[in-house]
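Note that this is a predicted model, so its numbers are computed, not measured. Values below: every heavy atom of this structure, side chains too, minus hydrogens, waters and symmetry copies.
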Amino acid sequence: MRTGQAVARLFAAAGFGAAWTIWGPGTALVLAAGAMGAALSVAWAVLPASMDAPLTERSA
């Protein structure tokens with residue numbers, strides 16, 4: 001699991017650096033913010049509603 005996360009972070013950093021180099025800081029930041037918003041929207045739609053409950057009340 002940790003290796004997958006590390007690889008994903010590596011590609012995200014490289015992609016952001018490439019966007020910064022190609023399109024400049026303003027566009028790179030707007031694209032990163034848009035990607036974050038899209039990821040949060042998808043996660044909110046996909047995760048089950050039981051994730052709203054406190055950790056102690058969730059069933060295992």
Side-chain angles (χ1 to χ4, degrees):
M1 180 66 98
R2 287 185 181 180
T3 301
Q5 289 175 341
V7 170
R9 292 176 81 177
L10 172 68
F11 283 122
F16 182 74
W20 186 289
T21 301
I22 294 168
W23 296 304
T27 303
L29 291 171
V30 168
L31 289 174
M36 179 64 75
L40 287 173
S41 298
V42 169
W44 187 36
V46 170
L47 290 176
S50 64
M51 295 296 290
D52 292 336
L55 184 59
T56 56
E57 295 179 13
R58 288 188 215 151
S59 60

Given F11 and V7, is the side-chain contact (heavy atoms from CB on, under 4.5 Å) satisfied, shown in steps?
CA-CA 6 Å; F11 283 122; V7 170; 3.3 Å; yes

What distance separates L31 CG from F16 CZ, expressed to the nearest 0.5 Å?
9.0 Å

Where do A19 and A28 come nearest, in terms of heavy atoms and distance?
C-CB, 3.9 Å

